[in-house]
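All values derive from a computational prediction rather than experimental measurement. Only heavy atoms go into these numbers, but all of them, side chains included; no hydrogens, no water, no symmetry mates.
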Amino acid sequence: MTATFLLAIVLGFSACEKDIPVNPKDKTLNLETAMPQDTFDMATGYLLENFETGTKTAYAGATVTLSTGNWYLNDALIGTSTSDRKNGTKSVRIVNTGKVTMQFDKANGAATVEVYHAKYGSDGNSTWELWVSTNSGSTWSKVGSTVTTSSTTLTKATFTVNLSGNVRFEIRKVSGGSYRINIDDLKVYDYSTSPTRDDNMALGNPSGAVASTAYPNNYLMVKPQYVLSYNNSKLTCNWVSWHLSSAWIGSAPRQDDFRADNTLPSNWVWVGGTDYSGSGFDRGHMCPSADRTGSITDNSATFLMTNMVPQAPNNNQITWANLENYCRTLVDAGNELYIISGPWGQGGTGSAGYKTTISTKNITVPAYVWKVIVVLPVGSNDISRITTSTRVIAVWMPNTQTVNSQPWGYYRTTVDYIESQTGYNFLSNVSTSIQSVIESKVDSGPTN
């Protein structure tokens, strides 16, 4: 059976979306408890094998029973040493040209497959491939491109498969000789429940922005990667709205091409990439660069200055960055998010002290930055799935150098509060009865 395959390799935890990049940190995933295959598929829309239940201590080829079924490991074992890179206590370790093969069919097909991989110990780089069979292992086809494992930190590779019916998968190490790699947390999304790229403004238009120069301070700008309301008096966005799922995440590197947005009306003042220089404030992304790594074009779009606000460095690089990273861990855990973010007020304290504006263009420095995050399990018909129990995270954060004295969770508030300050109407496409419940609650969920 022939199919066209696309590959997008996802680099697990990217640098924070900052004027000055922050080194990524390895985060241990809080993964779901493994279930038998059929139950797991029906309950969640994906199969997860975390390799925690099996035992195999030798490289010689043999079958091992794992939580999802039987797997055949050749030149591979279940590693538990301190040199094995793993989420939890175990991961697969492969040497030479070893293979890890499913010996059972997964029903419901496969839309995407996610695999975490890293170098074992201090070994050199190796390459590996994902293969798929639609006829119970009689023949196999390669999925996407060959992956290079070059990091000692577990990194996620995502493959687009889009096959219905029964499928099984095999991981093949194809280079590196005696160098070993670890494989962990293999997740296969059902063909019918693949993460998708959805409407960036599905929750509504908070300020009723209009794509007309007659509304210069509430000017709607719709981009493929996000939607925003621009304020030509403040020379920043009023808000930016975007959807986040693993479908938006890929291997595109951070572009750092800060620049003016040439889609603004030609007679307006355009903020350039260097207009924040020497101000003591970072060019703070609203829609983060690491939320848009599916292509170079997607990533580059986040560096338009209409997506920036002057942010205190300790806000932008620490507290705000930690919230951005947490959002991506929610995506890694099988969720999709709808996010709206923006500035409020005037007057913030950066590394060069308190300022109300910066640059000769008088760009407004906000007093606060805020964010509203709606969390949903991956699925379709998203707005109809928002209920009174849906998790909504609302944050109101001072734009100061001392904001990092508290973790981001300290700054949680209600959507109602942010609406009272900004005058915006969030989640307007959700029924008013549901809005009244979820907008009045302060989130008390985990923060890492």
Please list all pairs meeting salt bridge (charged side-chain N to carboxylate O under 4.0 Å, His left out) that have one or both residues in [range], counting only residues at least two apart or in different chains.
| range | result |
| --- | --- |
| residues 426-440 | none |
| residues 335-351 | Glu336-Arg385 |
| residues 296-306 | Arg197-Asp298 |
| residues 107-127 | Glu114-Lys156, Asp123-Arg180 |

Pair [X] + [Y]: ring centers closer than 6.0 Å:
| X | Y | result |
| --- | --- | --- |
| Phe51 | Trp71 | yes |
| Tyr46 | Tyr189 | yes |
| Phe426 | Trp370 | yes |
| His285 | Phe303 | yes |

[X] to [Y] - nearest heavy-atom pair and separation:
| X | Y | result |
| --- | --- | --- |
| Pro195 | Thr112 | CD-OG1, 4.0 Å |
| Ser229 | Ser207 | OG-OG, 3.8 Å |
| Lys86 | Thr82 | NZ-CA, 4.2 Å |
| Thr364 | Thr236 | O-CG2, 3.9 Å |

Heavy-atom side-chain contact between [X] and [Y] under 4.5 Å:
| X | Y | result |
| --- | --- | --- |
| Pro343 | Cys237 | yes |
| Gln435 | Ser433 | no |
| Thr263 | Lys223 | yes |
| Tyr116 | Thr155 | no |
| Val395 | Thr413 | no |
| Glu129 | Val147 | no |
| Met221 | Val227 | no |
| Phe281 | Asn399 | yes |

So, [X] and [Y]: side-chain donor and acceptor under 3.5 Å apart, yes or no?
| X | Y | answer |
| --- | --- | --- |
| Thr349 | Thr400 | no |
| Asp291 | Trp242 | yes |
| Asp185 | Asn50 | no |
| Thr149 | Trp128 | yes |
| Ser91 | Asn182 | yes |
| Ser83 | Ser81 | no |
| Ser67 | Glu49 | yes |

* Note: Glu170-Arg172 ion pair, threshold 4.0 Å (strictly below) ->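 Yes, charged N to carboxylate O under 4.0 Å.
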* **Carboxylate-amine/guanidinium proximity below 4.0 Å for Asp184 and Lys90** =>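 Here Asp184 does not pair with Lys90 in a salt bridge, since their nearest N and O are not under 4.0 Å apart.
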* Between Tyr326 and Trp408, what is the ring plane arrangement, given parallel below 30°, perpendicular above 60°, and tilted in between? ->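 It falls in the tilted class, 30° to 60°.
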* Where does the angle between the aromatic ring planes of Tyr368 and Trp344 fall among parallel (under 30°), tilted (30 to 60°) and perpendicular (over 60°)? -> tilted
* Given Thr390, Ile383, Thr387, Leu330, the one that forms side-chain contact (heavy atoms from CB on, under 4.5 Å) with Leu376 -> Thr390
Residues forming a salt bridge (charged side-chain N to carboxylate O under 4.0 Å, His left out) with [X], sequence neighbours excluded:
| X | value |
| --- | --- |
| Glu52 | none |
| Asp257 | Arg259 |
| Glu419 | none |
| Asp275 | Lys361 |

* Could you pull out all residues at least two apart from Phe169 that satisfy ring-ring contact (aromatic ring centres under 6.0 Å, His included)? =>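 For Phe169 there are no ring-ring contact (aromatic ring centres under 6.0 Å, His included) partners, ignoring immediate neighbours.
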* To do: Can you establish whether the number of heavy atoms outside Tyr179 located under 6.0 Å from its atom OH is more than 12?
  => no
* Is the cationic atom of Arg283 (NZ for Lys, CZ for Arg) positioned less than 6.0 Å from the six-membered ring centroid of Tyr276 and within 45 degrees of its normal? -> no
* Trp131 ring centre to Lys99 NZ or CZ under 6.0 Å, with the angle to the axis within 45°? -> no
Which residues pass the side chain to side chain donor-acceptor pair (under 3.5 Å) test with [X], not counting sequence neighbours?
| X | answer |
| --- | --- |
| Thr306 | Asp261 |
| Ser436 | none |
| Asn200 | Arg292 |

* Asked: Which value, rounded to the nearest 0.5 Å, describes the distance between Cys327 atom SG and Asn322 atom CG?
  -> 11.0 Å
